[in-house]
Amino acid sequence: MKTVATRFAPSPTGPLHIGGVRTALFNWLYSKNKGGKFYLRIEDTDKERSKDEFKTQIVNSLKWIGINYEDSEYIQSTKINDHINVAGELLKKGLAYKCYCSNDEIEEQKKRAKQKKIPYIYNRKWRDKSETDAPKGIEPVIRFKSKVEGNSILKDLVQGNIEIENNTIEDFIILRADGSPTYNLSASVDDHLMGMTHIIRGDDHKINTFKQIQIYDAMNWKVPSFAHIPLIHTIDGKKLSKRDNASTLDDYSKIGIMPNALRNYLLRLGWSYKDKEIFDLKESIKYFNLEGIGKSPSKLDISRIYSMNEHYIKNIDENDLFDFLITYCETFQEKIPDSAKKKIKNSLHFLKNKAKTLEDIYKNSMFLINDKVQIKNEDKKLLDEKAIKIINLFIDEISKIPSFNRKDLEPIINNLIKKNNMNFKGLGQPLRICLTGSKFGPGIYDILCSLGKDEVTKRLTQIR
RNA sequence: GGUCCCUUCGUCUAUCGGUUAGGACACAUGGUUUUCAUCCAUGAAAGAGGGGUUCGAUUCCCCUAGGGACCGCCA
């Protein structure tokens with residue numbers, strides 16, 4: 001049995017969206033589960049639309065989510081000669097032919113098909129014509145001689161057997177008039193040259209697979225196994241496209257979703273293993289299989305991404321969480337001074353409690369990052385005479401205590417409340433506003449202790 | 001329009017002929033927490049419809065309906 005080899009083959013013509021990431025993930029997981037290899041192939045044969053920045057984005061996205069590939073990227077455009085040679089061989093074997101139809105001629109046929117409401121399929125005009133009939137001044141394209149009779153069955157590892165009539169597959173172009181190879185040729189040649197054993201890709205490639213298998217057969221190559229996974233749909237049930245917002249990895253990383261959480265979410269989107277929801281990296285490799293992939297498309301649900309992220313925030317090692325947080329802040333928010341880093345690290349155990357995203361933790365940490373407290377105008381109104389008075393009393397009280405922790409503070413606060421005939425909110429709210437500039441945030445004792453006596457006194461004194 | 005695929009709570013899904021159809025997210029209610037959140041408990045919520053096969057169908061088959069993908073000298 002040959003070692004399993006899979007690949008992810010995106011085209012760098014736009015930002016990689018999370019449907020693509022999921023495809024990459026499934027391929028990667030499958031190969032790792034089988035102890036095989038996983039490769040990245042950049043399909044950049046569309047020179048017009050391919051951009052280097054997209055290639056970079058793809059590479060970075062995979063790296064971010066933890067998918068690593070063998071060697072360096074396989075760049076399809078550097079292999080074009082191989083593809084052209086195969087076309088030449090096919091031509092020599094009589095399994096492909098030159099088609100001299102003009103663009104106008106083809107357009108005309110398509111138009112007519114549309115009018116008659118019948119599906120357009122190239123009429124195979126030059127399939128058996130002699131080249132001596134070739135018109136002058138037209139550069140031919142090379143078409144593959146597709147089977148015209150009988151049926152083909154694709155034994156799909158996810159979808160089961162799919163059968164179609166061969167005559168619904170047209171004589172597709174493998175070499176353009178300018179001599180460049182088209183997708184179906186390039187993809188099959190590369191997959192063969194790279195020794196792919198399993199092709200896992202989106203449902204939208206099903207028809208291509210029937211074409212590509214014919215190329216394999218024509219070249220006497222071993223046909224790999226195929227698995228077509230259902231596409232991810234938007235919440236209104238359409239294929240997720242690059243134009244949909246919140247569809248790239250960056251859209252998620254910039255709001256503070258962690259790679260592990262997204263990986264776990266994507267894994268469970270359209271795949272399941274019993275009732276298990278949480279899979280760490282090792283488990284996802286251990287349990288992944290093709291049988292667990294569902295047949296119907298699944299919709300992206302942002303609230304599940306949030307809750308998955310929340311789960312990871314609360315359950316991963318705090319040192320790791322801290323690293324993720326700092327990277328996040330410095331990439332998307334601001335550089336965190338070393339002094340604040342220390343405080344954040346010490347306070348992470350409660351800063352993370354309210355958070356669904358790294359952004360939430362960042363916001364909760366604001367009072368530790370900024371020494372100067374900004375109080376909103378609407379909140380200033382809450383700092384009335386009564387509030388100032390109780391805060392002053394509070395300052396006096398804490399000046400008397402030697403240490404500064406919850407045990408020391410609780411009696412002070414309780415006494416102040418009682419003496420001044422108010423509830424907890426009466427002291428808690430102004431205190432919170434003065435110390436953090438916000439009505440919401442971590443628990444008041446957490447805030448007090450994390451800031452420390454000196455800083456608390458300093459901030460409160462500034463108010464009066 | 002043609003070809004192919006799909007159909008269990010709002011969402012992701014479990015069930016591989018016999019279950020009070022389970023879990024998770026979201027939602028609602030209550031409790032804990034001297035705010036918010038967390039946490040805990042409880043609740044509401046599904047087999048698209050119609051035929052078969054079978055002692056018995058969510059599960060197997062057919063039809064209908066709905067949804068989706070593809071139909072480029074893009075990948």
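The sequence lines fix the lettering, A, B, ..., with proteins before strands; numbering per chain opens at 1.
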Margin query: Quick test of your reading: applying salt bridge (Lys or Arg N to Asp or Glu O under 4.0 Å), list the pairs with at least one residue in residues 206-216 of chain A, sequence neighbours left out, ordered by first then second residue.
Written below: A:D203-A:K206
Next item on the list: Tell me what A:P230 touches on the nucleic acid: a base, only sugar-phosphate, or nothing, going by heavy atoms under 4.0 Å.
Entry: nothing
Under 3.5 Å, which donor-acceptor pairs do the side chains of residues 98-106 of chain A form with other protein atoms, sequence neighbours left out?
unit_1: A:S102; atom_1: OG; unit_2: A:E105; atom_2: N; d: 3.1
unit_1: A:E105; atom_1: OE1; unit_2: A:S102; atom_2: N; d: 3.4
unit_1: A:E105; atom_1: OE2; unit_2: A:K125; atom_2: NZ; d: 2.3

Notebook entry, point to check: Do A:K345's NZ or CZ and the ring of A:F322 fall within the cation-pi criteria of under 6.0 Å and 45°?
Noted result: yes
Notebook entry, point to check: Of all residues at least two apart in sequence or in a different chain, which pass the side-chain hydrogen bond (donor to acceptor under 3.5 Å, both in side chains) check with A:K79?
Noted result: none
Notebook entry, point to check: Where each residue is assigned the nucleotide of RNA chain B containing its nearest heavy atom, which of A:G270 and A:K314 is assigned the position nearer the 5′ end?
Noted result: A:G270
Next item on the list: Scan residues 348-369 of chain A for pairs that pass ring pair (Phe, Tyr, Trp, His ring centres under 6.0 Å), counting only residues two or more places apart or in two chains.
Entry: none
Check: When the C1' atoms of B:C16 and B:A57 are considered, how many whole Å apart are they?
Finding: 14 Å
Next item on the list: Would you mind listing every side-chain hydrogen bond (donor to acceptor under 3.5 Å, both in side chains) that reaches into residues 17-29 of chain A, with sequence neighbours excluded?
Entry: A:W28-A:N68
Check: Quick one: are A:H228 and A:L154 in side-chain contact, heavy atoms under 4.5 Å?
Finding: yes
Ignoring hydrogens and angles, write down the donor-acceptor pairs under 3.5 Å from the side chains of residues 184-191 of chain A, residues two or more places apart or on other chains.
unit_1: A:N184; atom_1: ND2; unit_2: A:N208; atom_2: OD1; d: 3.4
unit_1: A:S186; atom_1: OG; unit_2: A:H83; atom_2: ND1; d: 3.0
unit_1: A:S186; atom_1: OG; unit_2: A:T182; atom_2: O; d: 3.4
unit_1: A:S188; atom_1: OG; unit_2: A:N184; atom_2: O; d: 2.3
unit_1: A:D190; atom_1: OD1; unit_2: A:Y74; atom_2: OH; d: 3.1
unit_1: A:D190; atom_1: OD1; unit_2: A:H83; atom_2: NE2; d: 2.8
unit_1: A:D190; atom_1: OD2; unit_2: A:Q76; atom_2: NE2; d: 2.8
unit_1: A:D190; atom_1: OD2; unit_2: A:H83; atom_2: NE2; d: 3.3
unit_1: A:D191; atom_1: OD1; unit_2: A:R7; atom_2: NE; d: 2.8
unit_1: A:D191; atom_1: OD1; unit_2: A:R41; atom_2: NH1; d: 2.7
unit_1: A:D191; atom_1: OD1; unit_2: A:R41; atom_2: NH2; d: 3.2
unit_1: A:D191; atom_1: OD2; unit_2: A:R7; atom_2: NH2; d: 3.0

Margin query: Using 0.5 Å steps for rounding, measure from the CG atom of A:D44 to the CD1 atom of A:I80.
Written below: 7.5 Å
Checklist line | Check: A:R268 side chain, B:U13 base, donor-acceptor under 3.5 Å | finding: no
Next item on the list: For A:L383 and A:C434, work out which heavy atoms get closest and say how close.
Entry: CD2-SG, 3.9 Å
Which atom pairs link the protein and nucleotides 71-73 of chain B when you take only N or O atoms and keep those under 3.5 Å?
unit_1: B:C73; atom_1: O3'; unit_2: A:R176; atom_2: NE; d: 3.3
unit_1: B:C73; atom_1: O2; unit_2: A:A177; atom_2: N; d: 3.2
unit_1: B:C73; atom_1: N4; unit_2: A:N103; atom_2: OD1; d: 3.3

Next item on the list: Mark up nucleotides 26-34 of chain B, 5' to 3', with B wherever a protein heavy atom is under 4.0 angstrom from a base atom, S wherever such an atom reaches only the sugar-phosphate, and - elsewhere.
Entry: S-------B
Margin query: Counting the benzene-type ring for Trp, do A:H205 and A:Y183 have ring centres under 6.0 Å apart?
Written below: yes
Checklist line | Nucleotide B:C5, atom P - distance to CD of A:E165 in whole Å | finding: 12 Å
Check: Which nucleotide sits closest to the side chain of A:D275: B:U13, B:A14, B:A24?
Finding: B:A14
Donor-acceptor pairs under 3.5 Å, side chain of residues 283-294 of chain A to any protein atom, not counting sequence neighbours: which ones?
unit_1: A:E283; atom_1: OE1; unit_2: A:D280; atom_2: N; d: 3.0
unit_1: A:E283; atom_1: OE2; unit_2: A:K276; atom_2: NZ; d: 3.2
unit_1: A:S284; atom_1: OG; unit_2: A:D280; atom_2: O; d: 3.4
unit_1: A:S284; atom_1: OG; unit_2: A:L281; atom_2: O; d: 2.7
unit_1: A:N289; atom_1: OD1; unit_2: A:W271; atom_2: NE1; d: 3.2
unit_1: A:N289; atom_1: OD1; unit_2: A:G292; atom_2: N; d: 3.0

Quick test: give all pairs of protein nitrogen or oxygen and nucleotides 42-49 of chain B nitrogen or oxygen below 3.5 Å, distance rounded to 0.1 Å.
none

Next item on the list: Describe the nucleic acid contact of A:Q429 in one word from base, sugar-phosphate, nothing, applying a heavy-atom distance below 4.0 Å.
Entry: nothing
Margin query: Once you apply a heavy-atom cut-off of 4.0 Å, does A:T45 come out as touching a base, just sugar-phosphate, or nothing?
Written below: sugar-phosphate
Checklist line | Per-nucleotide protein contact string for nucleotides 63-70 of chain B (B base, S sugar-phosphate only, - none; heavy atom under 4.0 Å) | finding: -----SSS
Next item on the list: Not counting sequence neighbours, list each pair that qualifies as a side-chain hydrogen bond (donor to acceptor under 3.5 Å, both in side chains) and has a residue in residues 136-149 of chain A.
Entry: A:S146-A:Q214
Item checked: Interatomic distance at C1', B:U34 relative to B:A24, whole Å -> 33 Å
Note to self: What's A:G441 touching, base or sugar-phosphate or nothing? Going by heavy atoms closer than 4.0 Å.
What the structure shows: base
Item checked: Of A:I162 and A:Y183, the one whose closest RNA chain B nucleotide lies more 5' -> A:I162
Item checked: Same-atom distance (P) from B:G23 to B:C9, integer angstrom -> 16 Å
